[in-house]
Every structure is written in structure tokens, then in C-alpha cells.
2 protein chains.
Amino acid sequence: MAKAPRKAETSIDATTADLVAVLVAVTEGEPKIMTIATALPSGPFQFGHRSLQTGLRAWVEAQTGHPLGYVEQLYTFADHGRTGDARAPHRISISYLGLTREDQVREDSQAHWSGWYEYFPWEDHRAGTPPLIAKIVAPKLRAWAKSAESTSVQKARSQRAAITFGLDDRAWNEELVLQRYELLYEASLIPEAVRDKRAGEAAVPGRAMISDHRRILATGIARLRAKIKYRPVVFELMPAEFTLLQLQRSVEALAGRTVHKQNFRRLIEQQELVEETGAMAAETVGRPAKLFRFRHGVVAERAVAGTKLPLSRS
Amino acid sequence: MAKAPRKAETSIDATTADLVAVLVAVTEGEPKIMTIATALPSGPFQFGHRSLQTGLRAWVEAQTGHPLGYVEQLYTFADHGRTGDARAPHRISISYLGLTREDQVREDSQAHWSGWYEYFPWEDHRAGTPPLIAKIVAPKLRAWAKSAESTSVQKARSQRAAITFGLDDRAWNEELVLQRYELLYEASLIPEAVRDKRAGEAAVPGRAMISDHRRILATGIARLRAKIKYRPVVFELMPAEFTLLQLQRSVEALAGRTVHKQNFRRLIEQQELVEETGAMAAETVGRPAKLFRFRHGVVAERAVAGTKLPLSRS
DNA sequence: TCCATTATGCTCAGGATAAGTATAATACGA
DNA sequence: TCGTATTATACTTATCCTGAGCATAATGGA
């Protein structure tokens, strides 16, 4: 490695690295995340940990009693501006996305599953655009845009608001979860922004979290919403056997919007990701559905080929 | 944050975090990366740095004299197994992808641009599949697959080799850069694997790098190859004015494969990402081409909508 | 003048996609 | 027992996207 001028006089450049998990499950058509009070499962990366992932697994299992299955890295954040002191050692958060099922949870821990739309009420468009966007978010963002001094900044702000929240007849893009959160933060419309010593009134509903955990959660949701469209990751969240409608409901729960039923089936079937078990679903209203299971053998191929998701236009 | 059992007795869980940059440019149809001897530009994250990105920018500018433009985070690695001692403090590498142009480089630094295919000769398929895949890579991987004890592992290995390298009449997937590197590492066919105390002979050509920098480079190439298909990032690598063929050659250089010319133009034009400057290219063979410039105004919209790339089947 | 070379316009077939129509199978209440 | 609500599943249709190829235009040089 090449030498370079040192930026600080300090000789030890030690930082503390936290491992943070966004642990997701879908139960009865509702997406859930694992929380401990107002925090995500997390803990420091320690000497004893052989790797980042094993460290994360150790912490999550200790705190929630839940063994981690599928895991992928999300993003690494440094806390900027939280502590005003530039001399204080840095704290880094390395975040991960984990996918499981809600069962097999140890009940004696402080860990709980909670619906992720409690933290992001504006993200659930399954029953149409939620009213709070037109009633609260849009007007507040318009006011924020107007409050800029120069006309060009005003324009840029309102364009940004319109794009991220699908205002002015623009299409809603469900993947922009993080952009929407950051916009609300910058506009000081959520508790985290007020807490971090910005002016404002936290006008937009939705549960806040400790430090930057809600930002990390937004990152995880955005990643998952993007990924279900080209990788068969939904199956990590499904039980061993399921009907096609249950699969569809899970996808819709994650994407926060509805899907064309017939086309969804066609897509799933032509991908050859599932096979019939031969059994039928019991205890249903209406005509009983065939049960399917995931074809694990195809994953190796499909992990490469890609999977898509047909979102409705309306 | 919830309490949890400590995994180690040590009370200080300090780690050292390195910032590593994969800095990319494309000059005359060749993709280049910034190197300092056999390393990527890098340096420790220090107290004085306000954020990870500013720290990275400081290091890269100090080491290369090159100001960083577009930057995005890639991945965070921890060195596992390099030092066998589990007690030694961890070293974390937070890697970034940066895009620029080769000009405006300070020439007195030790930093140099080098072609990225020198590090990954098997990744350049612009003139068809490179011969070294059939001559060296494929046979060595087959031998590695056969060397497994159980039949099931043998099958899994050869299937993995076939998928990642497009063997047995499978299609080449240019995005699997990291998977290919990791496969060669596991099969002990490259110098890094031999160095890290595995058996083997490093039979596959290609320049190695310090520590895990070549793995980081593979991560960066893979990310860039995926991203040019749905975000207009190519323009960060182009001069202010360019012909459509120059743009195409840059895309091909990055993707490592050719593109259908007419369809490429159709796609670019219908996306409305560029506009004519009115001038024509000078000093050409054949019919002179129109010069185009990137429409910066569209980025805000397009950053959302997505861009695609028409790869040829052949 | 002919040819090599690059630019650019246009067509066409096949496949994917969104959306709608129609029919089948079940439970339940009047 | 007969509708009716509800869900499952099979087809149809129109449109758009994509890969691929053909044709023509403009330039310089032999």
C-alpha cells in the first residue's frame, strides 16, 4: 500500500464496527421485521468473530434466539454529525439483510416481529395510494420546496418530491424506499431529523427507531423490493408448501403493490421455479388450490438467469 | 440496543478500517483502473475524516492527484484467515467504485492507469471467447471438479464451472466477474490462492494484486457491468462530446462483449439521454458522425426509470 | 471511378407483457 | 336444493420490446 500524508495527528485510527441485521419474514401476507424495542438486532464486531457474517449470526442468535438463514450484506454507514466532535472515534455500522420464517422463534427473548409498514406507512400501496400521501406528505413537501430561497432550488426540490413519491400523475416506484426516507429526513418531517437537531415538527406518521436504524431498514426494504424481481429470494420467506396465491400475496406484501394474478402465475410456471406436490390446500374458501414446493435444484441455474415480476400498471 | 453475552473477554473491540477505491476510466475503448504498484488506492479511515466518502476522497486525491467524481460504495470485507490468529484485531476494507476520465491526471505520482483485462484476461469477450478459457481454464476446472471425493461434489463443481464460465454451450454471462474470480481462487488456480497457503500452481494467467485487492476489483467490475444496463452511468466515463460509436465502444469495453450497432443507437435515442451538439466528428475514416452530448437534465428522471443495454446473442 | 469504411434509416419476425374473458370447483346461506 | 360468493385456472388479444438484417448515405483514398 502506498504512503500518503496523514490527515490527523492521532496515531491510532481505531474505530468501532457494529453489525446490524434487517431480519425479514412474511406471515399471512404481512412483511415483518425483527426488533428489540426501537432497535434492530445488532452488536459490535469482536476479536472472537471469524468473519463479519459469523459475528452477525452470533449476535442475532444471542439476542433473538432465531438462527439466521439467507444473509446478504447491505451497506456500511458511518455516523456523521451525530456527535459533533470530530475527534471522537468513529462508529461504523455494517448492515445485513436476512430472510427467514416467523416460526421457530424463541418467545422468552425481548425480540419481537413487527410489521414493517408501521415504520413506513407511506410505502404500502396494495390498497391504492395511501391517503396520508395526499393529505400530509405532499403538502408538507410542497411547503418545504417553496421554503427554499432560489427558484432553481425550489424547482429541484419539487421535482425530487414528485419523482420519489409519484406526485403529479407520475408512476409510483416501489424501489425508492431509501430515497423517500432521506427526502423526509432532509425536509425535517420525521422524528429522527428533529432529534438530530434540525428544525421541524415530525409531521409525517410512522414509528421512528434508534440512531440510524430506520435508515438501515429502508435500505433493506429497498434492496429486497429490487431483488425479488430478478432473483428467486421470495422462497426463503415461504413455508415448505404453499399455494400460488400465497406466494403472490408474499410478493405483494414485500413490493407494497398488487400484481396481475394470471400473469403472475404464468411467469412463475414458465420459470419452472416450483413444482406441484400433488396435494391440495385445505381449509379454503372457494375452489381449493394446488400446493406447490420450491424446486431447490433450479436455484443454481436461476441464481444466474434472473427472475422477473409483473407489476400492474394501474 | 439490547445487551447480549460477550463473545470475547477483551473489553476493547477496536478494528482498523481501510478505504479502498476502484477508480475506473475508459480511454480509446479500453477500460482502465488506477493502481499504485500492485495495489488499489487506499488508506485508513481516520478520526479527521468527516465521513467514509470524504475519507476516501482525501486518500485518492493525495495518492493519485486525481479528484474523485462519481462514487458509490461497493462492499465491506473483513480479512478472514489471512492472519491465522483469532486474537489479532480485525482489519476491515470498505471498498468504493469511482468513475472518471483519464485526463487531468497528475503525472508525478506513483499512480498509473492500467487496463483491467490485464488482471482478468478471461473477461474480455469482445473478439469472441478468449482462447485461454478453452485451453487453460476449462481443463483445469474440469480436473478440479474430478478431484473431489464424492460424486455429488464433482457434479456440483462442474455445474458451477459451466455456469460461471459459460461452458458446455451455455451462454456467457458478463456479470459473473466475482463468481468467476472466487471459483478460480477456490480451485487454487491463481497466485492469491497459492499465496494464502493453499496448494496449487496458479495456472491461469492474469496479474495478481496485494491482499484482496483483486477480489475488490472483481466486485467493482461486476457492479459496473450490471449497472450500465439500467442506469446512465457510462456518461461519467465519457468526454463532454462524443459520437455514438465512441459511446458504444465504451459500453462494449466495460461489458467485455459486443453490441448490435443499430439497436444500440435506437435504444440510446429513445431514452433521450443524449442530444446533438450540431457539430460533426473530425478526422474520421468513412462518413463523419454527429457529435452528441449527455443531457444532464434527464438524469434526475432517468436515475429512476432505468436504462437498458442490448447485448447480441451471438 | 470504384472501393473501403463508417453512419444512419427502416423493416420484420418472435417473444414477452399487460389486460381481459371465460370456465371450473368449492362452501355457504336462503 | 339452488343460487351466490369466492377462489382457481385456462385462453385470447393487443401492444411493445428485442434481436437481427437489409438498404442507403456520406466520406477518403487507390
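First the proteins, then the strands, lettered A, B, ... as listed; each starts at 1.
Listed by chain and number, the residues in a salt bridge (Lys or Arg N to Asp or Glu O under 4.0 Å) with B/Arg214 are B/Glu192 (sequence neighbours excluded). Legend: residues meeting salt bridge (Lys or Arg N to Asp or Glu O under 4.0 Å) with A/Arg180, ordered by chain and number and at least two apart, are A/Glu123. With sequence neighbours excluded, no residue satisfies side-chain hydrogen bond (donor to acceptor under 3.5 Å, both in side chains) with A/Arg142. Considering only residues two or more places apart in sequence or on other chains, A/Glu269 meets the salt bridge (Lys or Arg N to Asp or Glu O under 4.0 Å) condition with none of them. Residues passing the salt bridge (Lys or Arg N to Asp or Glu O under 4.0 Å) test with B/Lys261, sequence neighbours excluded: none.
In the set C/dA7, C/dA19, D/dA10, C/dA7 carries the atom at the smallest distance from any side-chain atom of B/Arg287. With C/dA25, C/dG9, D/dA8 as the candidates, the nucleotide lying closest to the side chain of A/Arg265 is D/dA8. Among the nucleotides C/dA18, D/dC22, C/dA22, the one closest to any side-chain atom of A/Gln262 is C/dA22.
Rounded to a whole Å, the NZ atom of B/Lys290 is 12 Å from the C1' atom of D/dA25. Atom P of nucleotide D/dT18 and atom CD of B/Gln270 are separated by 7 Å, given to the nearest angstrom. Note: CZ (A/Arg266) to C1' (C/dA16) measures 8 Å, nearest angstrom. Here the P atom of nucleotide D/dC17 and the CD atom of B/Gln271 are 10 Å apart, to the nearest Å. Rounded to an integer number of Å, the gap from CD1 of B/Ile268 to P of C/dA7 is 14 Å. When rounded to the nearest whole Å, the span between CG of A/Asn263 and C1' of D/dC16 equals 14 Å. A straight line from CD of B/Glu276 to P of C/dT8 spans 8 Å, rounded to a whole angstrom. Between B/His260 atom NE2 and C/dG9 atom C1' there is a gap of 12 Å when expressed in whole angstrom units.
If you check every strand for non-hydrogen atoms under 4.0 Å, B/Leu244 touches nothing.
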For nucleotides 27-30 of chain C, give me every protein contact, N/O to N/O, under 3.5 Å, one pair per line with atom names.
none

Which pairs would a plain distance check flag for residues 24-33 of chain A, meaning a side-chain donor or acceptor within less than 3.5 Å of a matching protein atom at least two apart in sequence or in another chain?
{"from": "A/Thr27", "atom 1": "OG1", "to": "A/Glu102", "atom 2": "OE1", "distance (Å)": "2.2"}
{"from": "A/Glu30", "atom 1": "OE1", "to": "A/Arg126", "atom 2": "NH2", "distance (Å)": "3.4"}
{"from": "A/Glu30", "atom 1": "OE2", "to": "A/Arg126", "atom 2": "NH1", "distance (Å)": "3.4"}
{"from": "A/Glu30", "atom 1": "OE2", "to": "A/Arg126", "atom 2": "NH2", "distance (Å)": "2.9"}
{"from": "A/Lys32", "atom 1": "NZ", "to": "A/Glu102", "atom 2": "OE1", "distance (Å)": "3.4"}

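Judged as a salt bridge (Lys or Arg N to Asp or Glu O under 4.0 Å), the pairs with a partner in residues 234-250 of chain A (not counting sequence neighbours) are, in order, A/Arg249-A/Glu252.
Considering only side-chain N and O atoms, B/Lys261 lies under 4.0 angstrom from the phosphate OP1 or OP2 of C/dA7.
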Inset, instruction - Take B/Phe235 and B/Leu247, measure what side chain to side chain contact (heavy atoms under 4.5 Å, CB included) needs, and give me the verdict at the end. - result: CA-CA 8 Å; B/Phe235 298 102; B/Leu247 183 65; 4.0 Å; yes

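Taking CZ of A/Phe292 as the start and OG1 of A/Thr277 as the end, the distance is 8.5 Å to the nearest 0.5 Å.
Helix bend of the helix from C/dT1-D/dA30 to C/dA30-D/dT1: the angle between its two end axes, each built from five pairs, comes to 20° after rounding to 10°.
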